[in-house]
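One structure is given below, encoded as structure tokens.
Computed from a prediction, not measured in an experiment: that's the story for all the values here. Values below: every heavy atom of this structure, side chains too, minus hydrogens, waters and symmetry copies.
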Amino acid sequence: VIRINGSLALTKLEKAWCETTQRTDALRSAILPRKDKPPLQCIFREVVSTFQSQEAQHLENDLNTYLENDRSIGFDYRKPSLSRIQVFHTPTLNNIVVWSFAHIILDGWSSQFILSDWLHIYIGLPITPASKGFRTYQKNLDAFDKSEAISFWTSLKTSKAKTDLPMANKQEADFQS
């Protein structure tokens, strides 16, 4: 849930979302079950926009009702897109953007990059180059020599060495004052 005070150009915001969806494989994916095999993630060339907007009469009530319904609907993993955008706007320029997505395609860490791209596209700032996609990532991961990584992490796991955290002393001082 993102609260935005001020005017929103809804058509421009939706167009930016569509562009973000086109450049992000995860936003065009579905997970297909297979008999006697692991599920398969499929990336579609195009998907129907999941962007919706509505004028909110009672912003907090409308938001709570939407969130309750959104949670109960969930996602059908077999159909893209496994995310949706709902914008609530009011005449007083209070706006709420709700971005729901299935955690099977995104996590909190990766979602920040998608959100950043979306907002950069919306306001016309440069964006990061599009990723080479999950397939390329998976090929690189499969080709990676895992023995060196296993050795490294195993040595850390068994190490008794102290690891200082950069902010540990500052936080201790803050708690003592």
Side-chain angles (χ1 to χ4, degrees), residues 1-2 4 12-53 66-67 69-87 96-168 171:
V1 174
I2 305 163
I4 301 172
K12 186 177 175 183
L13 190 64
E14 180 176 13
K15 185 177 177 188
W17 178 248
C18 289
E19 187 176 331
T20 303
T21 299
Q22 277 308 119
R23 54 182 270 117
T24 309
D25 288 351
L27 297 177
R28 292 179 284 108
S29 67
I31 310 298
L32 303 179
R34 300 186 299 169
K35 187 176 182 176
D36 300 328
K37 291 183 180 180
L40 180 67
Q41 180 180 16
C42 295
I43 310 298
F44 292 76
R45 284 189 182 91
E46 294 181 12
V47 296
V48 175
S49 175
T50 59
F51 186 99
Q52 301 289 319
S53 66
Y66 175 81
L67 291 174
N69 290 336
D70 187 56
R71 284 186 198 106
S72 68
I73 292 169
F75 292 95
D76 181 349
Y77 293 136
R78 298 167 296 171
K79 298 178 183 175
S81 164
L82 299 177
S83 75
R84 50 186 167 257
I85 297 286
Q86 174 67 48
V87 180
I96 295 179
V97 178
V98 179
W99 179 25
S100 307
F101 57 86
H103 287 271
I104 197 166
I105 60 162
L106 294 172
D107 58 13
W109 181 82
S110 58
S111 64
Q112 68 180 319
F113 299 106
I114 295 170
L115 184 60
S116 175
D117 281 355
W118 179 30
L119 296 177
H120 277 79
I121 292 167
Y122 173 70
I123 60 178
L125 292 176
I127 52 176
T128 59
S131 75
K132 295 179 182 174
F134 186 74
R135 177 179 288 164
T136 303
Y137 169 76
Q138 190 64 51
K139 282 182 183 178
N140 291 340
L141 196 58
D142 290 343
F144 181 72
D145 179 9
K146 294 168 188 65
S147 62
E148 188 177 328
I150 290 170
S151 174
F152 173 78
W153 290 107
T154 301
S155 72
L156 285 182
K157 180 179 170 185
T158 59
S159 173
K160 303 286 187 207
K162 179 181 175 184
T163 303
D164 290 326
L165 300 176
M167 297 299 290
Q171 289 175 348

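Residues Leu40 and Pro38 have side chains not in contact (no heavy-atom distance under 4.5 Å, counting atoms from C-beta outward). When side chains are defined from C-beta on, Leu13 counts as touching Phe51, because their heavy atoms get closer than 4.5 Å. Inter-residue side-chain proximity for Cys42 and Phe44 is flagged as met; some heavy-atom pair is nearer than 4.5 Å. In this structure the side chain of Ser81 never reaches within 4.5 angstrom of the side chain of Phe101, judged on heavy atoms. A 4.5 Å side-chain heavy-atom check between Val97 and Gln86 finds every atom pair outside the cut-off. Counting heavy atoms from C-beta on, the side chains of Ile127 and Ile121 come closer than 4.5 Å. Counting heavy atoms from C-beta on, the side chains of Leu106 and Trp99 come closer than 4.5 Å. Side-chain atoms of Trp17 and Thr50, non-hydrogen and from C-beta on, do get closer than 4.5 Å to each other.
Atom OG of Ser110 is separated from atom NE2 of His103 by 10.0 Å, given to the nearest 0.5 angstrom. Considering CD of Gln52 and CD1 of Ile85, their distance stands at 10.5 Å, rounded to 0.5 Å. Ile2 CD1 to Ile96 CD1: the interatomic distance, rounded to the nearest 0.5 Å, is 10.5 Å. If you take CZ on Arg71 and OH on Tyr66, they are separated by 10.5 Å, rounding to the nearest 0.5 Å. The CD atom of Glu14 sits 12.0 Å away from atom OG1 of Thr20, with the distance rounded to the nearest 0.5 Å. For the atom pair Glu19 CD and Thr21 OG1, the distance stands at 10.0 Å (nearest 0.5 Å).
With hydrogens and angles ignored, the 3.5 Å screen pairs a side-chain donor or acceptor of Ser111 with a backbone N or O of Gly108. Of the possible donor and acceptor atoms, none in the side chain of Lys79 sits under 3.5 Å from a partner among the backbone N and O of Ala30. In this structure, Ser151 contributes its side chain and Ser147 its backbone to no donor-acceptor pair below 3.5 Å.
Contact between Arg45 and Arg28 at its shortest, heavy atoms only, is O-CD, 3.7 Å. Of all heavy-atom pairs spanning Ala149 and Phe144, the tightest one is CB-CE2, 3.8 Å. Of all heavy-atom pairs spanning Leu27 and Ile114, the tightest one is CD1-CG2, 3.8 Å. Counting all heavy atoms, side chain and backbone alike, Ser29 lies closest to Ile43 at CB-CD1, 3.5 Å. Residues Pro39 and Arg34 share a closest heavy-atom pair of C-NE, 4.3 Å. Nearest heavy-atom pair, Pro80 versus Val47, reported as atom, atom and distance to 0.1 Å: CB-CG1, 3.5 Å.
For the 3.5 Å distance criterion, the side chains of Asn69 and Ser72 fail to qualify, holding no donor opposite an acceptor.
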Assess whether side-chain contact (heavy atoms from CB on, under 4.5 Å) is satisfied between Ser100 and Val98, documenting all intermediate values. CA-CA 6 Å; Ser100 307; Val98 179; 3.9 Å; yes

For Leu115 and Leu119, run side-chain contact (heavy atoms from CB on, under 4.5 Å): C-alpha distance rounded to whole Å, both residues' side-chain angles, the deciding distance at 0.1 Å, then the answer. CA-CA 6 Å; Leu115 184 60; Leu119 296 177; 4.3 Å; yes

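Legend: residues meeting salt bridge (Lys or Arg N to Asp or Glu O under 4.0 Å) with Asp70, ordered by chain and number and at least two apart, are Arg84.
Within 6.0 Å of NZ on Lys139 lie no more than 12 heavy atoms contributed by other residues, nucleotides or ligands. Sparse packing is recorded around NZ of Lys37, with 12 or fewer heavy atoms of other residues, nucleotides or ligands lying under 6.0 Å away.
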